[in-house]
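See structure below.
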Amino acid sequence: MIERVFSGVQPTGNLHLGNYLGAIRKFVDLQQKFDSCLYCVVDMHAITVWQDPAELTKNIREVTASFIASGVDPKKHIIFNQSQVSGHAELAWIFNCVARMGWLNRMTQFKEKAGKHKENASVGLYAYPVLMAADILLYRATHVPVGEDQKQHLELARDIAQKFNKDFAEPIAEAGFADGFFPQPDPLIAGTATRVMSLKDGSQKMSKSAASDLSRINLSDDAETIAKKIRKARTDPDGLPSEEKGLEGRAEARNLVNIYAALSDSTVEDVLKQYGGQQFSAFKPALSELAVAKMKPIGDEMNRLMDDPGHIDEILRDGAVRAREISQPVMKAVKGIVGFI
RNA sequence: AGGAAUGUAGCUUAGUGGUAAAGCAACGGACUCCAAACCCGUUGAUGAGGGUUCGAUUCCUUCCAUUCCUGCCA
């Protein structure tokens, strides 16, 4: 069975440094290691909470642009948006009938997102993890880069794959698949998990929904804005320690060092070796120079790409065609297995 | 499906038939190695439509949304 990576990013709102360091940038490394990578703009997941249609269109293009600007090769691998490949929806329905309500009731992310108003959440939000399982298994993907918060969803995908294999063991065997039809997708925990925290509160993840825009660095921020945000980032009264241990209990300081390490492709240890003992007034300008140097080319390239939406759409269309080539035989087999004519 | 209640700023709340108030949040300044806290300042709201009235955020009415209770279905 060939190894294949599937990863999705939701086109909702602003992309920020956390999205970049936590996900998008990793795609570039993965495309060296795996022959087949699918990078999917999951627009169908996005609408589990209401999206303004015009904004959604723009956001789909923006995420696509961020992939390309970050260095993903849309020729060698596949960049596409989910809704153009109907197999996602078709397989999700079949999986809806495989997955059990009890499994979904346990999903912590639904509980968090729906909050106290569970009755008011969309059915789609509830069924979200099933669609995600379909995304992965539609391509019989073997490796899925996931963050901590998505681990539970991946486990559900494994459960669904397993139950499908078991429920339809006989027709699967008849179709010539000896060890089950769907593989068990594995999580890809990429090296140092870069968790980028809010610049205003080191205990919160950097997020597009935080009240203050100063808490995040957007991919669309210009050099001046990036510098300002880093200058205003929260710290503490001490200087930088020379060893990692000195960052204990100093979430904000650690976050800035983490960001520096991630952007410079080095380690926290190396950064502290260089900046240990220095004041934030020295470190912050260095960090902001580094951030601008790394982020600005990406932002510029995104802007350039966004100026020609037709070109982006063409890339997505081409990706969708190739994604369909992989998924159609899978879908055809699945339909046969469950007994559809 | 029946009944009840609520709707004021991003959030939590006040209030009045005559310029809509506060706390938190946000933003700016000051302070600070840079920040935080404190201090100073700024932005920002009556769900939508209709009616009564000189004047409606307030009274009436319709709609919409939300919350609670009861029932029905699964």
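Note that these values count all heavy atoms, side chains included, but never hydrogens, waters or copies made by symmetry. In what follows, chains carry the letters A, B, and so on, assigned in the order in which the sequence lines appear, proteins first and then strands, with residues in each chain numbered from 1.
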TODO: Using the P atom on both, measure B:A26 against B:A37 and round to a whole Å.
DONE: 8 Å
Open item on the list: Below 30° counts as parallel, above 60° as perpendicular, anything between as tilted: where do the rings of A:Phe34 and A:His143 land?
Closed with: tilted
TODO: Could you tell me how the ring of A:Phe164 sits relative to the ring of A:Phe95: parallel (under 30°), tilted (30 to 60°) or perpendicular (over 60°)?
DONE: perpendicular
Task: For B:G47, the Watson-Crick or wobble partner whose two distances fall under 3.5 Å - done: B:C63
Task: Complement of B:G28, any strand, by Watson-Crick or G-U distances under 3.5 angstrom - done: B:C40
Open item on the list: Using OP1 and OP2 only, check whether a side-chain N or O of A:Lys228 sits under 4.0 Å from B:G28.
Closed with: yes
- [ ] Look at all strands and tell whether A:Asp238 reaches a base, only sugar-phosphate, or nothing, counting heavy atoms closer than 4.0 Å.
- [x] base
Task: G-U wobble or Watson-Crick pairing nucleotide for B:G17 (cut-off 3.5 Å, both distances) - done: none
Open item on the list: Quiz question: going by heavy-atom distance under 3.5 Å, is there a donor-acceptor pair between the base of B:C34 and the side chain of A:Ser281?
Closed with: no
- [ ] For A:Glu269, look at atom CD and say whether over 12 heavy atoms of other residues, nucleotides or ligands are found less than 6.0 Å away.
- [x] no
Task: Nucleotide B:C34, atom C1' - distance to NZ of A:Lys200 in whole Å - done: 12 Å
Open item on the list: Parallel, tilted or perpendicular, judged at 30° and 60°: which one describes the rings of A:Tyr275 and A:Phe283?
Closed with: perpendicular
Task: Interatomic distance at P, B:A48 relative to B:C11, whole Å - done: 15 Å
TODO: Figure out the CZ/P separation between A:Arg250 and B:C34, and round it to whole Å.
DONE: 16 Å
Open item on the list: Using whole Å, what does the distance between atom P of nucleotide B:A35 and atom CG of A:Leu240 come to?
Closed with: 15 Å
Open item on the list: Rounded to whole Å, please give me the gap between CZ in A:Arg231 and C1' in B:A35.
Closed with: 11 Å
Task: 5′-ward residue of the pair A:Ser212/A:Leu199 relative to RNA chain B - done: A:Ser212
Open item on the list: Work out how far the P atom of B:G10 is from that of B:U19, and round it to whole angstrom.
Closed with: 22 Å
Task: A:Leu256 CG to B:C33 C1', straight-line distance once rounded to whole Å - done: 14 Å
Task: Partner nucleotide of B:C33 by Watson-Crick or wobble geometry (both distances under 3.5 Å) - done: none
Task: Nearest-Å distance once atom P is located in both B:A74 and B:U62 - done: 34 Å
- [ ] Whole angstrom is fine here: how far is it from CG in A:Asp236 over to P in B:A36?
- [x] 12 Å
Task: Counterpart base for B:A1, defined by Watson-Crick or G-U wobble contacts under 3.5 Å - done: B:U70
Task: Centroid separation A:Phe80 to A:Tyr39 less than 6.0 Å - done: no
Open item on the list: Checking the side chain of A:Gln10 only, and the main-chain atoms of A:Gly8 only, is there a donor and an acceptor separated by less than 3.5 Å?
Closed with: no
TODO: Report which part of the nucleic acid A:Ile230 touches: base, sugar-phosphate, or nothing (heavy-atom distance under 4.0 Å, all strands).
DONE: nothing
Open item on the list: Between B:G71 and B:A4, how far apart are the two C1' atoms, rounded to whole Å?
Closed with: 15 Å
TODO: Compare the minimum distances between each of B:C33, B:A35, B:G28 and the side chain of A:Lys284, then state the nucleotide with the smallest one.
DONE: B:A35
Task: Nearest-Å distance once atom P is located in both B:U16 and B:U58 - done: 14 Å
TODO: Look at the side chain of A:Thr235 and decide which nucleotide, out of B:G29, B:C33, B:C34, has an atom nearest to it.
DONE: B:C34
Open item on the list: Applying a 4.0 Å non-hydrogen cut-off, can you work out what A:Pro285 is touching in the nucleic acid: base, sugar-phosphate, or nothing?
Closed with: nothing
Task: Whole angstrom value for the distance that separates P of B:A36 from CZ of A:Arg234 - done: 8 Å
Task: Rounded C1' spacing from B:U57 to B:A20 in Å - done: 8 Å
TODO: Taking the six-membered ring for Trp and the single ring otherwise, decide whether the centroids of A:Phe67 and A:Phe27 are under 6.0 Å apart.
DONE: yes
Open item on the list: What's the gap between B:A9 and B:A21 when it is taken at their P atoms, as a whole Å value?
Closed with: 14 Å
Task: Interatomic distance where CZ belongs to A:Phe280 and P belongs to B:A35 [whole Å] - done: 12 Å
